[in-house]
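Letters A, B, ... are given to chains in the order of the sequence lines, protein chains preceding strands, and every chain is numbered from 1.
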Amino acid sequence: MSKRASTKAPRDAPTPGARKANGKAAKAQSKTAPQPTVPHKPQLRPARKRPTHARPTRSADLARMLRRVPKAAWVCAAVAILNAVCWSILIPPLQGPDEQAHYAYVQQLAENGSLPNGSPEENFSPEELTAMRDLEFGETILNPATPAMPSRAKREQILHDLSLPQSRKGDGSVGVAASEPPLYYALQTIPYELGSGSNLLTQMELMRLLSALMTGVTVLFVFMFLREALPAAPWAWTVGGLCAALSPLLGFVGGSIDPDGLLFVVCAALFYCFARAFRRGLTPRLAATLGAVIATGLLTKVNFVGLIPGIAVGLILLAVREARVSRREAYRSLALAGGIGGAPAILYALRNLATHKPLLGIVSGSIQQLGPHSVSAELIYLWQFYLPRLPGMTNDFPGIFPPLQIWFKGIIGRYNWLETVFPGWVYTLALIPATLIAGLCARELYVRREALRSRIDEFAVYLVICLGLMALLAGASFVGFPTLAAGDSEPRYFLPLLALGCALLALAARGAGRRWGPIAGTAIVVLILTHDILSQLLEVSRYYHPY
Amino acid sequence: MRVRVALAICLTLTLIAVGVSLARTPPVRAGTDGTPLPTEVGATFAPDTVCQGEEVVPKGTTIVRMSLLSLLGPRINLRATGGGQVITTGVRSSGWTGTVVSIPVQPVARTFSHATICFTLAKRQQLVNYRGANTTHSPAVSNGTQVLPGRIRIEYLRPGKESWLSLALPTARRIGLTVSGGGGIVLVLFALVLTITGLTSWLIVRELG
């Protein structure tokens with residue numbers, strides 16, 4: 001931490017003792033540490049003068065920006081990429097979550113040059129259907145008793161069948177991916193085309209590598225978020241960054257073809273931008289960046305819609321703060337962020353109008369489905385989806401305790417199609433470190449309650465973002481209820497909040513105090529590493545068992 | 001220095017955890033009732049007890065694998081009887097997902113022919129499908145009265161003799177079948193995990209130490 005930064009943020013600043021303890025790391029990072037502003041007082045910026053010399057190019061700006069990223073962040077990103085590559089090797093082809101549908105979407109874009117037709121059917125290309133048949137896709141998913149590739153003869157058969165001339169064009173139906181926006185799939189057409197001279201299996205491997213790279217970018221943004229949000233303890237950034245990088249769930253998603261991979265990048269970038277804006281003010285440049293992030297999110301996955309209420313609250317709060325200095329600039333920033341961010345949604349609505357489709361497209365269908373239900377029934381369901389049932393509530397999950405059996409177990413490990421799980425005792429054992437970490441985190445939040453209070457608006461925005469996503473997922477699950485309780489209850493849907501989760505882990509490490517903090521941080525990171533390795537072994541036992 | 005010591009201790013514990021995992025023996029199939037898949041022979045939303053006779057429960061069985069499909073399955077109580085006595089019992093807690101569910105049971109002392117397997121599904125809000133094949137030969141019976149159109153596939157597992165570690169080579173070959181590079185890819189995997197561990201340790205010492 002630089003001396004300047006430390007003196008500017010006394011509440012967050014480490015004590016001399018802590019600086020001494022962290023000496024080497026602090027020195028190494030002092031050059032790159034952010035310079036926080038006093039909360040609630042946006043920095044006064046001098047009037048801009050027209051530069052007399054040539055304006056630096058955008059690439060030079062980018063290079064300068066990248067040079068400011070600490071080395072530790074790059075290492076965390078590298079660890080995340082390597083981890084996702086490990087997972088990409090271990091997950092058999094088409095066994096990532098809904099991977100068959102995501103691959104079909106990419107193939108549709110690459111081969112037909114058009115968006116899917118919106119049908120949830122799985123009339124994929126003859127080539128992909130051949131691969132699904134040969135890989136015994138239907139028999140393997142959800143069935144831990146069936147291994148991925150039982151014999152060498154089977155592999156030879158697949159390679160032979162895929163070498164036959166077969167059409168790569170489907171009829172435009174891409175299964176469950178039909179409702180997703182196209183950005184991630186459009187990016188995936190690059191590795192798809194690179195591998196087009198080879199077979200489907202090679203193309204999938206290349207596409208998974210792109211997902212792995214996205215995982216690295218996610219972790220980079222998580223690290224940068226921690227650097228902005230917890231400026232006083234540089235070592236805690238590393239704890240949070242490594243926890244993100246080693247997260248088995250992130251590796252699992254990053255090792256397969258799944259638009260969640262890009263959604264995680266966008267959400268981590270979003271949290272970084274907000275943390276930066278709350279510390280340094282919402283400049284027009286940052287507002288434009290936020291707008292671009294929002295637009296990218298809307299073009300990536302429908303789930304991003306759940307974050308919109310929190311984003312709106314955040315932008316309004318930032319604009320109000322900014323207006324204390326310059327009302328004009330505040331409105332300009334707000335308009336920039338809102339305009340750029342909302343552009344895809346507006347264009348989509350206009351396109352729907354022009355083609356005589358429902359104004360909100362696929363979202364309209366979801367709203368209609370929600371229509372006949374009573375609001376109170378939905379609220380009760382939403383509550384029980386995450387929290388223990390209260391007296392007087394009807395029991396929507398008889399025999400199931402969702403906080404434990406869906407969410408906690410999900411975080412610890414329910415991979416592939418949710419059928420790949422650890423033995424029951426592992427989840428019970430995991431309650432011990434989870435409780436310790438939660439306790440340390442709570443202690444740190446209590447000790448720093450003054451600092452929390454001074455940044456209450458920032459935390460309120462993060463909370464609204466969380467609640468928005470939770471409401472969206474519970475709402476989507478409620479659509480299938482009561483025929484299907486707890487549908488859409490996959491823990492990976494919460495990884496857009498990875499940055500916040502890692503901040504909590506970093507806080508837990510800090511909660512152990514100045515003397516024991518780095519040791520607690522070490523223990524937490526190695527715990528996640530162990531969790532990751534054991535999860536990979538679980539994946540091996542699921543798909544490659546010899547019995 | 002303290003961070004280095006903590007790191008060394010934690011990594012040692014990691015190594016022990018991995019070692020213990022690899023020393024475990026995966027269960028092997030001891031027998032099956034031979035019912036083919038994947039016809040659906042029944043489904044229920046309500047609590048249900050299903051019994052299926054003419055089963056052969058092999059000696060040493062510790063897991064009974066039932067072909068039941070659910071996305072968030074209920075608690076299952078299993079009871080196997082034969083020759084007028086209880087052969088074994090077992091329980092699987094709720095929250096399971098898949099097309100098969102493994103129910104751990106008390107080890108079976110000897111092989112029992114003509115056994116009856118009964119399982120009870122607890123109260124829930126989730127559909128459970130019974131999977132197997134249509135047949136008139138000793139079909140499964142639901143709630144003591146309703147005869148199902150066929151039998152549910154059941155498999156019996158017992159502890160294997162070889163540990164995961166001793167199965168490393170065939171497992172590596174299997175991993176190699178799904179990706180380019182063959183069995184050698186496992187060496188790449190191993191190198192990647194070592195690199196991840198090395199980079200993580202280096203960064204911890206550099207930033208936290």
Side-chain angles (χ1 to χ4, degrees), chain A residues 24-25 72 75-76 78-79 82-83 85-86 89-90 92-93 142-145 147-149 152 155 201-202 205 234-235 238-239 242 246 396-400 405-406 409 414 417-419 424 482-487 518-519 521-523 525-526 529-530 533-534 537 540-541 544-547, chain B residues 2-3 6-7 10-11 13-14 17-18 21-22 26-29 37-38 65 69 71-72 74-75 93-100 102 122-127 155 157 160 164 167 170-171 173-175 177-180 185 188-189 192-193 195-197 199-200 202-204 206-209:
Chain A
K24 202 173 169 186
V75 176
C76 288
V79 168
L82 295 179
N83 189 33
V85 170
C86 283
I89 294 170
L90 289 176
L142 287 167
N143 187 351
M149 186 89 71
R152 183 166 295 279
R155 177 165 175 89
L201 300 179
T202 308
E205 284 170 19
W235 62 267
T238 302
V239 172
L242 280 174
L246 295 166
D396 288 343
F397 301 93
I400 302 281
Q405 281 162 311
I406 296 178
K409 277 191 171 182
R414 287 174 81 202
W417 302 81
L418 302 181
E419 86 289 5
T483 311
L484 178 68
I519 291 173
T522 304
V525 170
V526 180
L529 171 70
T530 311
I533 293 173
L534 294 179
L537 289 176
V540 170
S541 72
Y544 308 104
H545 55 80
Y547 50 90
Chain B
R2 283 187 303 144
V3 166
L7 180 65
C10 289
L11 286 178
L13 290 174
T14 301
V18 171
S21 297
L22 293 177
V28 294
R29 190 158 41 190
L37 282 173
R65 195 151 64 191
L69 164 64
L71 295 180
L72 200 63
R75 178 186 167 92
S93 61
S94 57
W96 53 271
T97 301
T99 55
V100 293
S102 296
K123 191 181 174 190
R124 71 220 165 265
Q125 192 77 53
Q126 193 81 44
L127 185 68
E155 292 177 330
L157 280 70
W164 277 108
L167 291 167
T171 306
R173 284 199 200 104
R174 282 204 169 206
I175 295 172
L177 290 177
T178 59
V179 286
S180 319
I185 198 75
V188 176
L189 258 178
L192 283 173
V193 172
T195 309
I196 288 168
T197 310
L199 279 174
T200 302
W202 174 76
L203 198 58
I204 285 174
R206 181 177 181 269
E207 302 292 322
L208 278 67

Original post:
Can you say whether Trp202(B) sits under 4.5 Å from chain A via the side chain, the backbone, both, or neither, judging by heavy atoms?
Top reply: side chain
**OP:** Starting at CG of Asn143(A), measure out to CZ of Arg65(B) and round the result to the nearest 0.5 Å.
**Re:** 7.0 Å
Original post:
Are side-chain heavy atoms of Leu537(A) and Leu22(B) found at a separation under 4.5 Å?
Top reply: yes
Original post:
So do the side chains of Leu418(A) and Leu71(B) get within less than 4.5 Å of each other, counting heavy atoms only?
Top reply: no
Subject >> Which atom of Ala6(B) lies closest to which atom of Thr522(A), heavy atoms considered >> reply: C-CG2, 4.3 Å
Original post:
How many angstroms lie between CD1 in Ile89(A) and CD1 in Ile175(B), if you round to the nearest 0.5 Å?
Top reply: 9.5 Å
**OP:** Against chain B, label Leu534(A) side chain, backbone, both or neither, depending on which of its atoms sit under 4.5 Å from a heavy atom there.
**Re:** side chain
Original post:
Between OG1 of Thr195(B) and CG of Asn83(A), what distance do you get to the nearest 0.5 Å?
Top reply: 12.0 Å
Original post:
Would you say Gln405(A)'s side chain and Ser94(B)'s backbone share a donor-acceptor pair under 3.5 angstrom?
Top reply: yes
**OP:** Considering only heavy atoms and a distance below 4.5 Å, find which of Ile185(B), Leu192(B), Thr97(B) pairs most often with chain A.
**Re:** Thr97(B)
**OP:** Flag yes if more than 12 heavy atoms outside Arg2(B) fall under 6.0 Å of its CZ atom; otherwise flag no.
**Re:** yes
Original post:
What are the two closest non-hydrogen atoms of His545(A) and Arg174(B), and how far apart are they?
Top reply: O-NH1, 3.0 Å
Original post:
Are the side chains of Trp96(B) and Arg414(A) in touch, meaning some heavy atoms are under 4.5 Å apart?
Top reply: no
Original post:
Can you name the nearest heavy-atom pair linking Gly521(A) to Leu208(B), along with the distance?
Top reply: C-CD2, 4.1 Å
**OP:** First locate atom OG1 of Thr171(B), then atom OH of Tyr544(A), and finally report the distance between them rounded to the nearest 0.5 Å.
**Re:** 11.0 Å
**OP:** Counting only heavy atoms closer than 4.5 Å, note whether Leu82(A) contacts chain B via side chain, backbone, both or neither.
**Re:** both
Subject >> Thr530(A) side-chain N/O to Thr14(B) backbone N/O, donor-acceptor pair under 3.5 Å >> reply: no
Original post:
Can you tell if the side chain of Leu203(B) reaches within under 4.5 Å of the side chain of Val525(A), non-hydrogen atoms only?
Top reply: no
**OP:** Could you have a look at Val18(B), Leu177(B), Thr178(B), Leu13(B) and say which one has the most heavy-atom pairs with chain A under 4.5 angstrom?
**Re:** Leu177(B)
Subject >> Worked check of side chain to side chain contact (heavy atoms under 4.5 Å, CB included) between Ile196(B) and Ile533(A) >> reply: CA-CA 10 Å; Ile196(B) 288 168; Ile533(A) 293 173; over 6 Å; no
Subject >> Shortest non-hydrogen separation from Cys86(A) to Val193(B) and the atoms involved >> reply: SG-CG2, 4.1 Å
Subject >> Proximity breakdown for Arg75(B) and chain A, heavy-atom pairs closer than 4.5 Å >> reply: neither
Subject >> Close side-chain approach of Ile204(B) to Thr238(A), heavy-atom, < 4.5 Å >> reply: no
Original post:
Between Glu155(B) and Ala145(A), which heavy-atom pair has the shortest distance, and what is it?
Top reply: OE1-CB, 4.3 Å
Original post:
For Thr200(B), is it the side chain, the backbone, both or neither that has a heavy atom under 4.5 Å from a heavy atom of chain A?
Top reply: both
Original post:
Where on Arg155(A) is there a heavy atom nearer than 4.5 Å to chain B: the side chain, the backbone, both, or neither?
Top reply: side chain
